[in-house]
There are 2 protein chains.
Amino acid sequence: MAGISGGKNYHHGDLRNALVCAAVDLATEGGPERVVLREAARRVGVSPTAAYRHFDGRGELLRTVRAHARTRLADAMERAAAREPGADDPVLAAERRLGALCRGYVGFAVEHPGLYRAAFQTVRPTGTPVPAARPPEAEIRAFALLAEALEALGRTGGRRCAAGAAAWSAVHGLSLLLLEGPLRRLPAQRRDDVVAATLAMVVAGARAR
Amino acid sequence: MAGISGGKNYHHGDLRNALVCAAVDLATEGGPERVVLREAARRVGVSPTAAYRHFDGRGELLRTVRAHARTRLADAMERAAAREPGADDPVLAAERRLGALCRGYVGFAVEHPGLYRAAFQTVRPTGTPVPAARPPEAEIRAFALLAEALEALGRTGGRRCAAGAAAWSAVHGLSLLLLEGPLRRLPAQRRDDVVAATLAMVVAGARAR
DNA sequence: CGCGGAATGTTCATGCGGTCAACATCGGGC
DNA sequence: GCCCGATGTTGACCGCATGAACATTCCGCG
């Protein structure tokens, strides 16, 4: 795993970065709950408390992983959309793009379950204060991509955000049901059926608007 | 909280039950991650290890809470559907029922965030073996309710399960985004918009089938 | 009626994780 | 060349899960 952000160069050289990479690996392997300070430090070969020079604690480490994971998710969606063949009909093209983005979303979730869960699971580990209020989903590119695709699909009834959130709900819920919910361990065939049905619902919802 | 299942009557009298109730309370207050053996035991006034006479460990306690939460969710959905006025047109009635079930679902999630999360969050606490494979979503009444409502709505193209899962994905994803996802802290007005948009998508998906 | 085993709880101990305070070390600027 | 601050380390404390050994209580059987 290459460096993620700029780094220092003192004793270790690049501890913050190294810890983030280790933490991302941990999340990839076992989801956010396995992102554990001591283990990250261990993997980097440093004492547990060293991390406190770079992070406010486990919480901030997790938040950093989350940002990373969200970026990778959006990248995966864009790659999926880029692979999608274009179409002459702009509406058809827009529908295809929407579908491809959704498939990219769910595909990422299925391929990197741990990382995906880390991207959204906002479970504050016991007694953490509620974070400051921010404009809701502004910084989440995955959402923006869906909302844009829906907008391109035509009249979203002035409710661009709501429509985007609906589509997002569908792919997010599907991903979680498949990953850690009751649909995990669904045979591949039926899983594809479910994914197809959900995509159909999303597209139908966009059309019907 | 009244008893949930049959109980013993030895030393404590009804320890298993008392522990389950305490655990459900904990989940209600702070979600599954706050369902912690020691605290449940503390609340019941018993030593931590006493719980091991009744549960295999924290995991089983959580599973019990989960079953309880799922039942309550389905109950809430049925209550919501029962409150919904009927309609002469059977299709309209079916659509109304589907909508009511979905609102009941999301409403339960919003009203009892912790319990709702406990109902589905299947995060095994580090290194638990994968549970035995079972018929996927058989025992989850919430899902069955949605699938039935969709079926009543007409031709589900032989893909009853898939269609149900799609609807389920939508309400589940919506609930989680609202609860612990990036949509939490959305002002009430916009939240209603998002819920409405999602329901519209579900119904449109059912129509378009 | 009373005894003995099983069911139920308790105490003690181990190991892991988060976090803090005090201490050690290194590196670069003066 | 020295000193301060940035970076790490040690040691300690606390909560949690869990297992082993021990204590207590109940209940059925003789």
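In what follows, chains are A, B, ... by sequence order, proteins preceding strands, each numbered from 1. In this text, all values refer to a predicted model and were calculated from it rather than measured experimentally.
Rounded to whole Å, the distance from CG on Asp14(B) to P on dT8(C) is 11 Å. The interatomic distance linking Phe55(B) (CZ) with dA17(D) (C1') rounds to 15 Å, in whole Å. Between the C1' atom of dT8(C) and the CG atom of Asn17(B) lies a distance of 16 Å, rounded to the nearest Å. Atom pair Arg34(B):CZ and dA17(D):C1' shows a separation of 18 Å (rounding to whole Å applied). Rounding to whole angstrom units, CG of residue Leu15(B) and C1' of dC26(D) are separated by 15 Å. Between the CG atom of Leu61(A) and the P atom of dT19(C) there is a distance of 10 Å, rounded to whole Å. Atom CD in Glu60(B) sits about 15 Å away from atom P in dA17(D), given to the nearest Å. As a whole-Å value, the separation of Asp56(A) CG from dC20(C) P is 8 Å.
Arg43(B) is linked by a side-chain hydrogen bond (donor to acceptor under 3.5 Å, both in side chains) to Glu29(B), Glu39(B), counting only residues two or more places apart in sequence or in another chain. Leu115(A) meets the side chain to side chain contact (heavy atoms under 4.5 Å, CB included) test with Val24(A), Ala27(A), Thr28(A), Ala69(A), Arg72(A), Phe108(A), His112(A); sequence neighbours excluded. Partners of Glu148(A) according to the salt bridge (charged side-chain N to carboxylate O under 4.0 Å, His left out) rule, which considers only residues two or more places apart in sequence or in another chain, do not exist here. Residues satisfying the salt bridge (charged side-chain N to carboxylate O under 4.0 Å, His left out) test with Asp192(A), not counting sequence neighbours, are none. Considering only residues two or more places apart in sequence or on other chains, Val195(B) meets the side chain to side chain contact (heavy atoms under 4.5 Å, CB included) condition with Val106(B), Leu174(B), Leu178(B), Arg191(B), Leu199(B).
Applying the 4.0 Å criterion to OP1 and OP2 of dA6(D), one finds that His54(A) has every side-chain N and O outside that range.
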With 3.5 Å as the limit, what N/O pairs link the protein to nucleotides 15-18 of chain C?
{"unit_1": "dG17(C)", "atom_1": "OP2", "unit_2": "Arg42(A)", "atom_2": "NH2", "d": "2.8"}
{"unit_1": "dG18(C)", "atom_1": "OP1", "unit_2": "Leu37(A)", "atom_2": "N", "d": "3.1"}
{"unit_1": "dG18(C)", "atom_1": "OP2", "unit_2": "Leu37(A)", "atom_2": "N", "d": "3.3"}
{"unit_1": "dG18(C)", "atom_1": "OP2", "unit_2": "Arg38(A)", "atom_2": "N", "d": "3.1"}
{"unit_1": "dG18(C)", "atom_1": "N7", "unit_2": "Arg38(A)", "atom_2": "NH1", "d": "2.2"}
{"unit_1": "dG18(C)", "atom_1": "O6", "unit_2": "Arg38(A)", "atom_2": "NH1", "d": "3.1"}

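Map Thr49(B) and Arg53(A) each onto its nearest nucleotide of DNA chain C; the residue landing nearer the 5' end is Thr49(B).
Of all non-hydrogen atoms in Glu78(B) and Leu101(B), the two that sit nearest each other are N-CD2, 4.4 Å.
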